[in-house]
Protein chains: 2
Amino acid sequence: MDYHSEILTPIFQALADPTRRAVIGRLGRGPASISDLAQPFDMALPSFMKHIRFLEESGLINTHKHGRIRTCTLERKPFQMVEAWLAQQRQLWEGRTDRLEQFVLAQHTKETE
Amino acid sequence: MDYHSEILTPIFQALADPTRRAVIGRLGRGPASISDLAQPFDMALPSFMKHIRFLEESGLINTHKHGRIRTCTLERKPFQMVEAWLAQQRQLWEGRTDRLEQFVLAQHTKETE
DNA sequence: TCAATACTTAGCGCAAGAGCTAAGTGATGG
DNA sequence: CCATCACTTAGCTCTTGCGCTAAGTATTGA
């Protein structure tokens, strides 16, 4: 379970920026080139490129270059890892409420004895 | 949809640290005091406190003080927001694969005509 | 072949993040 | 009522993140 932990850090870090989340949103509709992706943002290209590299290094996207154009694609596995972690947390919480319910039930039983 | 965007930044930022994720994991089992939470970590208390404050400011936890003890509790809404965002991304992706499938189907139909 | 295109590299500046120590505050317990 | 406990504040490092400009490289279209 915990071996996920390390890899989640760069993923959450990558998701913690609005520009990068917007890029992810765009890539959800299909692959795109750097300049296509950069176009909506009021930002110098090298600054934008840093976001792309961050996304790539965290594993959230893949890129490959054909000629002078670099195309970016979404990678789904990291999202599944985040979802798995969230599910695990939810399970913890729900496990607890189950125990709470049992506790409340037990109290109720005692009181009505 | 996009009004979530702003609030997601501090949430993902808060999740982007192993100490804070571990604290969240612990709080999944129920509320705890600062020193209980801090105990497993090899870190000075003030350093640990910064993580707690970060978690609180991002809305992931609530805290309240009774006497000299501050108790921390998990807050579920931020997790639901993250899950909603992930669901939205998945939907985008799946919408695309649907369109891809339709495209492939259309091609196939053409070819077999 | 040569200018334009699409990045890419190098390097700077400022703000935040993540850790520390030292010293302070305000409950509790004996 | 005084020591101890449980934080809390202040202030310091060092690193990383996020933006910029200027200049460089490698394709491509005319």
Side-chain angles (χ1 to χ4, degrees), chain A residues 5-27 30-74 78 82, chain B residues 5-27 30-74 78 82:
Chain A
S5 222
E6 281 260 332
I7 208 170
L8 282 176
T9 297
I11 295 174
F12 280 126
Q13 242 165 9
L15 295 176
D17 180 277
T19 300
R20 291 193 291 259
R21 284 200 304 280
V23 167
I24 286 167
R26 166 64 189 79
L27 287 178
S33 73
I34 300 283
S35 28
D36 281 357
L37 289 171
Q39 183 267 317
F41 301 100
D42 187 19
M43 190 185 291
L45 230 218
S47 315
F48 184 77
M49 281 297 298
K50 282 198 185 174
H51 288 298
I52 296 294
R53 223 165 293 135
F54 205 135
L55 284 168
E56 192 173 13
E57 274 163 20
S58 71
L60 283 163
I61 69 170
N62 272 322
T63 80
H64 54 98
K65 211 170 174 178
H66 280 133
R68 59 186 170 181
I69 292 171
R70 180 174 295 279
T71 304
C72 306
T73 321
L74 254 198
V82 172
Chain B
S5 220
E6 281 261 332
I7 208 169
L8 282 176
T9 297
I11 295 174
F12 280 126
Q13 244 165 9
L15 295 176
D17 180 276
T19 301
R20 291 194 291 260
R21 284 199 305 279
V23 167
I24 286 168
R26 166 64 190 78
L27 288 177
S33 73
I34 300 283
S35 27
D36 281 358
L37 289 170
Q39 183 268 315
F41 301 99
D42 186 20
M43 190 184 290
L45 232 217
S47 315
F48 184 77
M49 281 296 299
K50 281 197 186 174
H51 289 297
I52 297 294
R53 225 166 290 133
F54 204 135
L55 284 168
E56 191 173 14
E57 275 163 21
S58 70
L60 283 163
I61 69 170
N62 272 322
T63 81
H64 54 98
K65 211 170 175 178
H66 280 132
R68 58 185 169 177
I69 292 172
R70 180 173 296 277
T71 304
C72 305
T73 321
L74 254 197
V82 171

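Sequence lines set the chain letters: A, B, ... in the order given, protein chains first and strands last, and positions in each chain run from 1.
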- Message: Between the base of dG17(D) and the side chain of K50(A), is there a donor and acceptor pair under 3.5 angstrom?
- Response: no
Taking dC20(C), dC7(C), dT8(D) as options, the one with an atom nearest any side-chain atom of S35(A) is dC7(C)
Looking only at dG19(D), dC7(C), dG17(C), the nucleotide nearest the F54(B) side chain is dG17(C)
Whole Å only: how far is the [atom1] atom of [X] from the [atom2] atom of [N]?
X	N	atom1	atom2	value
L37(B)	dA6(D)	CG	P	13 Å
R53(B)	dA10(D)	CZ	C1'	11 Å
D36(A)	dA6(C)	CG	P	9 Å
R20(B)	dA16(C)	CZ	P	15 Å

Taken to the nearest 0.5 Å, the spacing of T73(A) OG1 from E56(A) CD works out to 9.5 Å
Residues which pass side chain to side chain donor-acceptor pair (under 3.5 Å) with [X], listed by chain and number, not counting sequence neighbours:
X	value
E57(A)	none
R26(A)	none
T71(A)	none

Margin query: So, OP1 or OP2 of dA27(C): does either fall under 4.0 Å of a side-chain N or O from K65(B)?
Written below: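 So the side-chain polar atoms of K65(B) never come under 4.0 Å of the phosphate oxygens OP1 or OP2 of dA27(C).
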Self-check item: Under 4.0 angstrom between H51(A) side-chain N/O and dG19(D) OP1 or OP2
Solution: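 True: H51(A) side-chain N/O within range (under 4.0 Å) of dG19(D) OP1/OP2.
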In 5'-to-3' order, the base (B), backbone-only (S) or no-contact (-) status of each nucleotide in nucleotides 21-30 of chain D, using a 4.0 angstrom heavy-atom cut-off, is BB----BS--
Hey, can you pull the donor-acceptor pairs under 3.5 Å for the side chains in residues 31-54 of chain A, sequence neighbours left out?
| unit_1 | atom_1 | unit_2 | atom_2 | d |
| --- | --- | --- | --- | --- |
| S33(A) | OG | D36(A) | N | 3.2 |
| H51(A) | ND1 | R20(A) | NH1 | 3.1 |

Less than 4.5 Å apart, any side-chain heavy atom of L15(B) and any of L60(B)? yes
